[in-house]
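This report concerns only the one structure given below.
Letters A, B, ... mirror the listed sequences (proteins, then strands); counts begin at 1. Since we're looking at a predicted model, the values are computed, not measured.
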Amino acid sequence: MGKQDKEFVKEITPRSQDYSQWYLDVVLKAQMMDYAPVKGCMVIRPYGYALWENMQQGLDRRIKDTGHQNAYFPLFIPESLLQKEADHVEGFAPEVAWVTHGGNEKLTERLVVRPTSETIICEMYSRWIQSYRDLPVLINQWCNVVRWEKVTRPFLRTTEFLWQEGHTAHRNEEEAEEETRKMLEVYRDFVENDLAVPVICGQKTEKEKFAGALRTYSIEALMSDGKALQAGTSHNLGTHFAKVFDITYLDSDGELKYVWQTSWGVTTRLIGAIIMVHGDDRGLMLPPKVAPIQAILIPITPKKARKQVLSKAAEIFAVLKESGLRIEMDDREEYSPGWKFNEWEMKGVPLRIELGPRDLEAGQAVLVRRDNGEKETVALSELTQYIPVLLEKIQTNMYQKAKQFMEENTHRTDDYQEFKQIMEEKRGFLVAGWCGCVECENAVKEETKATIRNIPFHLQQEDPGRCIYCGQDGKHLVIFARAY
RNA sequence: CGGGGUGUAGCGCAGUUUGGUAGCGCACUUGGUUUGGGACCAAGGGGUCGCAGGUUCAAAUCCUGUCACCCCGACCA
């Protein structure tokens with residue numbers, strides 16, 4: 001490892017040299033995406049999309065396990081609907097795409113391409129909900145949304161992106177709050193266990209919360225360059241939308257009441273998180289649970305042994321595939337083994353299986369881990385049992401490494417000078433006291449570019465000390481970071 | 001949306017200062033030899049120089065405009 005690595009992946013800019021360029025090299029060279037002819041839009045290529053599909057699967061299962069159903073609402077939203085909720089429209093107006101014509105005819109009412117679906121879903125909920133017996137409504141949709149962003153980056157911020165948005169309606173505040181927190185926990189479980197990305201759960205400040213929400217909670221992850229990435233959000237919408245859209249129900253006490261609502265979402269941005277948390281100078285490193293290819297089988301085929309090796313490799317490949325492993329075999333003859341090793345490492349495949357003449361004689365295969373480069377030989381007869389265990393180890397190790405990185409790059413301070421210095425030099429998460437006023441929040445952002453990522457749940461019981469900026473009594477311990 | 005940068009073959013670049021037949025490396029195609037960490041030889045194919053105007057006998061090169069992408073800031077998932 002070390003020097004040698006860099007020679008092997010000459011197409012990828014080292015992270016230390018230019019992190020942004022490294023990220024772009026990786027997503028392009030690993031064929032996760034390509035730029036599309038529309039500004040700010042990208043094509044998610046098959047390899048990237050396969051990753052997204054695996055992610056969808058893991059999350060969709062969790063969403064359904066918690067009682068939600070999938071549905072699909074329209075892409076277009078009438079202007080009048082979007083404008084019903086004042087905060088909401090104010091939040092999204094600058095970044096919506098407008099549809100003004102149908103064919104050659106000008107529309108009597110402009111349509112927006114959904115930036116999120118609260119309004120159109122509320123419109124429907126107001127028709128569907130009459131009685132407390134209709135509650136809760138627990139619906140999720142997987143779809144695309146469009147936000148006309150000024151600056152875009154592949155996966156992290158694109159004009160159009162894919163996501164899931166859950167929208168629920170409840171009888172009262174308690175149920176809505178429980179739902180909001182429950183789904184945040186679903187996200188945490190999914191992101192930490194399937195994506196091996198550790199996160200901090202907490203509440204967003206007033207300034208950072210969703211446009212139109214009562215409260216917003218988030219999971220925040222730390223990228224390997226020390227910048228934070230909001231990985232998922234869950235909103236308690238209160239009764240704001242219900243009042244505007246007239247979503248009422250007759251309760252068991254005979255009173256007409258407004259429903260309490262929630263919404264929650266994660267996006268293809270999570271792919272960016274995977275890349276920036278796990279990737280290294282060799283390229284991608286994908287967690288086994290969601291990797292499109294979990295293991296790549298590479299037969300080593302010198303001429304005299306080609307036939308024997310290939311036939312054995314095909315046999316092993318079939319058995320492993322049958323066992324449920326997402327495995328591919330690279331038996332292309334026009335590339336050398338070394339070339340293939342580098343190629344598949346760049347694409348982040350968690351496990352490489354080498355099978356050559358020497359292995360054949362010994363009745364074994366060589367397994368090489370992407371996460372730590374360790375090599376071991378395993379008897380062919382043991383592969384089916386052993387590989388799933390090894391993949392699990394890789395998954396765990398990737399999470400542990402990321403967790404350790406996050407902990408090592410989380411600093412606590414009550415000294416603003418030190419705060420500024422850390423933010424300038426090391427970045428990472430900074431835990432500090434905050435008085436709760438937006439002036440201090442803004443001032444810190446102005447002076448250090450760091451924002452309050454969230455007010456972490458796990459620090460709620462601790463003494464917040466003094467506000468990092470004004471020195472008054474602290475109200476909360478919060479996490480500051482520069483963010484994507 | 002402000003400041004800076006880059007657009008020449010699929011990718012990375014040279015050529016632009018000083019206008020004169022569009023080049024190099026990798027990749028690609030064919031044939032052959034190779035194969036345990038990016039193999040080698042030989043012969044090939046591929047570009048209206050981002051786009052649109054203009055100046056000129058002549059434009060990748062000079063002028064104007066425009067678009068896209070990248071970096072640094074203000075807004076967001």
Side-chain angles (χ1 to χ4, degrees), chain A residues 1 4-13 18-21 23-25 28-29 31 34-42 90-96 115-116 145-165 187 204 207-211 216 218-221 228-235 263-273 282 298-306 309-310 331-346 352 354-360 365-366 368 373 375 377 445-446 449 451 482-484:
Chain A
M1 305 282 279
Q4 260 186 331
D5 298 29
K6 284 174 191 165
E7 289 173 23
F8 290 141
V9 279
K10 47 185 178 274
E11 294 126 346
I12 297 176
T13 307
D18 184 342
Y19 196 85
S20 289
Q21 194 57 52
Y23 178 81
L24 292 165
D25 287 348
L28 283 165
K29 302 276 159 56
Q31 302 190 339
D34 199 359
Y35 288 102
V38 184
K39 181 180 160 68
C41 292
M42 65 173 177
E90 198 181 315
F92 284 104
E95 54 182 22
V96 295
T116 177
V145 289
V146 167
R147 298 182 188 175
W148 218 260
E149 299 288 349
K150 306 220 163 93
V151 180
T152 58
R153 283 162 69 93
F155 295 111
L156 299 177
R157 187 182 302 111
T158 47
T159 302
E160 178 187 7
F161 57 91
L162 306 184
W163 75 348
Q164 101 356 258
E165 49 178 327
Y187 289 155
K204 284 287 188 184
K207 174 181 155 69
E208 301 277 339
K209 77 179 184 185
F210 176 72
T216 292
S218 74
I219 52 173
E220 302 282 334
L229 186 75
Q230 180 172 300
T233 48
S234 184
H235 317 288
S263 70
W264 25 272
V266 301
T267 77
T268 34
R269 170 182 270 192
L270 282 176
I271 293 173
R282 293 183 162 211
I298 300 181
I300 314 290
T301 55
K303 204 166 193 177
K304 323 99 207 172
R306 180 171 301 157
V309 172
L310 281 179
D331 56 4
R332 291 176 293 180
E333 292 194 0
E334 60 271 31
Y335 293 105
S336 69
W339 190 93
K340 293 177 186 173
F341 296 167
N342 286 293
E343 178 72 5
W344 292 108
E345 277 169 7
M346 183 190 62
R352 177 170 81 240
E354 299 173 23
L355 186 75
R358 296 205 293 273
D359 301 312
L360 225 55
V366 177
V368 186
K375 253 185 209 195
T377 55
K445 183 176 183 184
E446 185 82 17
K449 296 173 198 156
T451 49
R482 290 190 188 169
Y484 275 100

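Distance, A:R153 CZ to B:G73 P: 11 Å, rounded to whole Å. If you take CZ of A:F341 and P of B:A39, they are 11 Å apart, rounded to a whole angstrom. Between the CZ atom of A:R358 and the C1' atom of B:G37 there is a distance of 13 Å, given to the nearest Å. Rounding to whole angstrom units, CD of residue A:E334 and C1' of B:A39 are separated by 13 Å. Rounded to a whole Å, the CD atom of A:E333 is 12 Å from the P atom of B:U34. In this structure, A:W163 places its CH2 atom 15 Å from P of B:C76, rounding to the nearest Å. Atom pair A:M346:CE and B:G37:P shows a separation of 19 Å (rounding to whole Å applied). Computed from coordinates, the A:Q21 CD to B:U6 C1' distance equals 11 Å when rounded to whole Å.
Rounded to a whole angstrom, the distance from the C1' atom of B:U48 to that of B:A43 is 28 Å. Straight-line distance between the C1' atoms of B:G7 and B:U66: roughly 13 Å, to the nearest whole Å. Taking the P atom of each, B:C62 and B:C49 are spaced 15 Å apart, rounded to whole Å. Using P as the reference atom, B:U30 and B:U21 are 34 Å apart when rounded to the nearest Å. Comparing B:A59 with B:C41, their C1' atoms are spaced 41 Å from each other, to the whole Å. Of the P atoms belonging to B:C57 and B:A52, the separation is 23 Å, rounded to the nearest Å. Rounded to the nearest Å, the gap between the C1' atom of B:G50 and that of B:A42 is 37 Å. The same atom, C1', is picked in B:G45 and in B:U29; the two are 7 Å apart, to the nearest Å.
For the pair A:Y35 and B:C70, the criterion of a side-chain N or O lying under 4.0 Å from OP1 or OP2 is met. Distances shown here put every side-chain N or O of A:K29 at or beyond 4.0 Å from the OP1 or OP2 atom of B:C26. Here A:K150 does not reach the OP1 or OP2 of B:C1: none of its side-chain N or O atoms lies under 4.0 Å away. Contact check, A:K449 against B:G73: a side-chain N or O comes under 4.0 Å of OP1 or OP2. For the pair A:Y19 and B:C72, the criterion of a side-chain N or O lying under 4.0 Å from OP1 or OP2 is not met.
For the pair A:V38/A:T159, no side-chain contact is recorded, criterion being any heavy-atom separation below 4.5 Å from C-beta on.
A:R352 forms a cation-pi arrangement with A:F341, by the criterion of a distance under 6.0 Å to the ring centre and an angle within 45° of the ring axis. Figure legend: cation-pi geometry between A:R157 and A:Y484 absent, as NZ or CZ is not positioned both under 6.0 Å from the six-membered ring centre and within 45° of its axis.
For B:G31, the paired base is B:C41 (Watson-Crick or G-U wobble, both distances below 3.5 Å). With a cut-off of 3.5 Å on both Watson-Crick or G-U wobble distances, the partner of B:C1 is given as B:G73. B:U6 is paired with B:A68 under the criterion used here, namely a Watson-Crick or G-U wobble arrangement in which both key atom distances are under 3.5 Å. Base pairing of B:C24 is made with B:G12, judged by Watson-Crick or G-U wobble geometry with both donor-acceptor distances under 3.5 Å. Checking B:U18 for Watson-Crick or G-U wobble geometry (two distances, each under 3.5 Å) identifies no partner in any strand.
A:V145 comes within 4.0 angstrom of nothing in the nucleic acid, heavy atoms only. Counting any heavy atom pair closer than 4.0 Å across all strands shown, A:L156 reaches a base atom. Within the nucleic acid shown, A:T158 comes within 4.0 Å of at least one base atom, counting heavy atoms only. Residue A:P357 is in base contact, counting any heavy-atom pair closer than 4.0 Å across all strands shown. Backbone-only contact: A:G40 has heavy atoms under 4.0 Å from sugar-phosphate atoms and none from a base. Across all strands shown, A:S20 has heavy atoms under 4.0 Å from sugar-phosphate atoms exclusively, and none from any base. Note on A:R352: a base of the nucleic acid sits closer than 4.0 angstrom, heavy atoms only. At the heavy-atom level, A:V266 lies nowhere under 4.0 Å from the strands shown. In this structure, A:Q230 reaches the sugar-phosphate backbone alone: every heavy-atom distance under 4.0 Å involves primed, P, OP1 or OP2 atoms, never a base. Residue-level contact check: A:F161 touches the bases, meaning some heavy atom is under 4.0 Å from a base atom. A:D359 comes within contact range of at least one nucleobase, with a heavy-atom separation under 4.0 Å.
Judged by distance alone, with hydrogens and angles left aside, A:R157 brings a side-chain donor or acceptor within reach of the base of B:C76, the pair sitting under 3.5 Å.
Between the side chain of A:K207 and the backbone N or O of A:T451, no donor-acceptor pair lies under 3.5 Å.
Here the closest heavy-atom approach between residue A:H235 and residue A:T216 is recorded as ND1-OG1, 2.8 Å. Heavy-atom minimum distance, A:Y187 versus A:T233: CE1-O, 3.5 Å.
Other residues, nucleotides and ligands contribute over 12 non-hydrogen atoms within 6.0 Å of the CH2 atom of A:W339.
Between A:Y484 and A:V366, it is A:V366 whose nearest contact on RNA chain B lies nearer the 5' terminus. Residue order along RNA chain B, read from the 5' end via each residue's closest nucleotide, puts A:K304 first among A:K445 and A:K304.
Nearest to the side chain of A:E345, among B:C1, B:G37, B:A39, sits B:G37. The side chain of A:P154 lies closest to B:C70 when the candidates are B:C70, B:A68, B:G36. Across B:G37, B:A74, B:G36, the shortest atom-to-atom separation from the side chain of A:P337 is found for B:G36.
Between A:E208 and A:K445 there is no salt bridge, since no side-chain N of the basic residue sits under 4.0 Å from a carboxylate O of the acidic one.
For the residue pair A:D25 and A:T13, a side-chain donor N or O sits within less than 3.5 Å of a side-chain acceptor on the partner.
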